[in-house]
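Contents: one structure, followed by commentary.
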There are 2 protein chains.
Amino acid sequence: MVEEESDVNQHDKCSVEWTLDVIGGKWKGVIVFHLLEGKKRFNEFRRRIPGVTQRMLTLQLRELERDGVVHRKVYSEVPPRVEYSLTEFGQTLEPIIRNMKTWGDEYARRVAERQAEGQ
Amino acid sequence: MVEEESDVNQHDKCSVEWTLDVIGGKWKGVIVFHLLEGKKRFNEFRRRIPGVTQRMLTLQLRELERDGVVHRKVYSEVPPRVEYSLTEFGQTLEPIIRNMKTWGDEYARRVAERQAEGQ
DNA sequence: CAGAATCCAGAGGGATACTG
DNA sequence: CAGTATCCCTCTGGATTCTG
């Protein structure tokens, strides 16, 4: 009813935040990024994501699973095997993640440039 | 040289993370989103972002400023006036933020649907 | 108006050791 | 291999009060 200047309302605000709630975690973006190429196993992530600890990897994967982004398939074998993959819903994150990668590249380039300037 | 399966290397990984380092903060996405429409003043943010505290708003704005995303213009007046706007570099975040909004909408819709199912 | 300062709780996140 | 379990600490973030 009131139109004023508020073409941006509560709804708009929350939408952006929902997304950050889902992929804003320290390692979640990277995890999803790696899953874009296909399913991955637990230790594959550890190798591909230097710096992540077992604990954090587990926690972040569990949250992504809970949010319906990642699917976790357990094979009843010895030794155990678990495969992580993106759900259909998780796939819809692809544009965002790709954008984030592109932007991050540019950002890194920019930072490097600044340092090269001795500034 | 070695091509193996590693078309994804350290570099790819970091890029996604740089981006999250810059806009992964709890309120940063929303702040940038609002700035897409134009410059904003401190208390405008407070009105548009219910839930954010003065402290956090200040901190997140300062970080965005430090990272070259946001420009802070102070007018020497009484009462004081400060206007925040996106830098040129900050503008390049637009696609990501818009994507995040779209995805967040879909996510919210999905969550609402689940709850409606009583599940 | 646009914050700075202070205090405080809790979540996020790391290191290490252990397990089915 | 793919985790749990603990301990511990930092840093995020909220509430409140004060200021140029």
Side-chain angles (χ1 to χ4, degrees), chain A residues 5 13-14 16-32 34-35 38-67 69-86, chain B residues 5 13-14 16-32 34-35 38-67 69-86:
Chain A
E5 44 143 17
K13 175 226 135 198
C14 292
V16 177
E17 282 199 70
W18 290 137
T19 306
L20 279 176
D21 283 350
V22 175
I23 56 164
K26 185 165 183 187
W27 307 100
K28 292 184 186 176
V30 201
I31 290 174
V32 173
H34 286 300
L35 284 175
K39 51 181 75 161
K40 294 280 170 293
R41 296 180 61 177
F42 192 80
N43 280 345
E44 278 188 85
F45 284 122
R46 294 193 67 194
R47 263 175 276 124
R48 285 161 180 270
I49 311 179
V52 73
T53 58
Q54 280 187 332
R55 184 178 123 86
M56 285 316 300
L57 184 53
T58 303
L59 287 175
Q60 304 262 299
L61 282 168
R62 290 291 184 282
E63 288 186 21
L64 287 170
E65 192 188 352
R66 183 202 61 195
D67 291 335
V69 170
V70 160
H71 177 67
R72 180 169 177 266
K73 173 150 192 182
V74 184
Y75 294 85
S76 302
E77 307 174 354
V78 179
R81 180 158 63 109
V82 177
E83 279 176 356
Y84 293 92
S85 55
L86 288 177
Chain B
E5 44 144 16
K13 176 225 133 195
C14 292
V16 176
E17 282 199 70
W18 291 135
T19 307
L20 279 177
D21 284 350
V22 175
I23 56 164
K26 185 165 183 185
W27 307 99
K28 292 183 185 175
V30 201
I31 290 173
V32 173
H34 286 300
L35 284 174
K39 52 181 74 161
K40 295 279 170 291
R41 297 180 61 178
F42 191 80
N43 279 344
E44 278 188 85
F45 284 121
R46 295 193 64 194
R47 264 175 275 123
R48 286 162 180 271
I49 312 179
V52 74
T53 60
Q54 281 186 333
R55 186 178 121 86
M56 284 317 299
L57 184 53
T58 304
L59 287 176
Q60 304 263 297
L61 281 168
R62 290 290 185 283
E63 288 187 19
L64 287 170
E65 192 188 352
R66 185 202 59 196
D67 291 336
V69 170
V70 159
H71 177 66
R72 179 168 178 267
K73 173 152 194 182
V74 183
Y75 293 85
S76 301
E77 307 175 353
V78 179
R81 181 157 61 109
V82 178
E83 279 176 356
Y84 293 91
S85 56
L86 287 178

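It should be emphasised that the depicted structure is a prediction, and the values quoted were computed from it without experimental measurement. Labels below follow one simple rule: chain letters A, B, ... track the order of the sequence lines, proteins then strands, and each chain is numbered from 1. Values reported hereafter were calculated over all heavy atoms of this structure, with side chains retained and with hydrogens, waters and symmetry mates removed.
Within the structure, every side-chain polar atom (N or O) of A:Arg81 is placed at least 4.0 Å from both OP1 and OP2 of D:dG3. Considering only side-chain N and O atoms, B:Lys26 lies nowhere under 4.0 angstrom from the phosphate OP1 or OP2 of C:dA11. Proximity of B:Gln60 to the phosphate of D:dG13: a side-chain N or O atom is located under 4.0 Å from OP1 or OP2. Under 4.0 angstrom from either OP1 or OP2 of C:dC1 there lies no side-chain N or O belonging to B:Tyr84.
Whole-Å rounding puts the A:Met56 CE to D:dC7 P distance at 19 Å. In this structure, B:Gln54 places its CD atom 12 Å from C1' of C:dA5, rounding to the nearest Å. Rounded to whole Å, the distance from CD on B:Glu63 to P on D:dG13 is 9 Å. C:dG3 atom C1' lies 8 Å from atom CZ of B:Arg72, rounded to whole Å. In this structure, CD of B:Glu65 is placed 15 Å from P of C:dA2, rounded to the nearest angstrom. A:Glu44 has its CD atom 13 Å from the P atom of D:dG3, to the nearest Å. Computed from coordinates, the A:Phe45 CZ to D:dC1 P distance equals 15 Å when rounded to whole Å. When rounded to the nearest whole Å, the span between NZ of A:Lys73 and P of D:dA2 equals 15 Å.
Two residues are said to be in side-chain contact when any heavy atoms from C-beta on lie closer than 4.5 Å; A:Thr58 and A:Phe45 fail this criterion. At least one side-chain heavy atom of B:Val82 sits less than 4.5 Å from a side-chain heavy atom of B:Arg72.
Side-chain atoms of A:Thr53 lie closest to C:dG14 of the nucleotides D:dG3, C:dG14, C:dA2. Comparing atom distances between the B:Phe42 side chain and each of C:dG3, D:dG3, C:dG20 picks out C:dG3 as nearest. Checking C:dC1, D:dG3, D:dT17 against every side-chain atom of A:Thr58, the shortest atom distance belongs to D:dG3. Comparing D:dG3, D:dG14, C:dG20 by their closest approach to the side chain of A:Val82 singles out D:dG3. Side-chain atoms of A:Arg55 lie closest to D:dC7 of the nucleotides C:dG3, D:dG14, D:dC7. Nearest nucleotide to the side chain of B:Asn43, out of D:dG3, D:dA2, C:dA2: C:dA2. Taking every side-chain heavy atom of B:Arg41 into account, C:dC1 is the closest of C:dC1, D:dG3, D:dC1.
When all heavy atoms of B:Arg46 and B:Gln54 are compared, the pair lying nearest together is NH1-NE2, 3.0 Å. Annotation for A:Lys28 and A:Leu64: closest pair CD-CD2, 3.9 Å, computed over non-hydrogen atoms.
Sequence order on DNA chain C of the closest nucleotides to A:Pro80 and A:Gly51 puts A:Gly51 first from the 5' end.
At a threshold of 4.0 angstrom between heavy atoms, the contacts of A:Arg46 with the nucleic acid are absent.
In this pair, B:Tyr84 and B:Phe42 present their aromatic rings tilted. The plane angle is within the 30 to 60° band.
A donor-acceptor pair is defined here as one N or O able to donate and one able to accept, closer than 3.5 Å; no such pair exists between the side chain of B:Glu83 and the backbone of B:Lys39.
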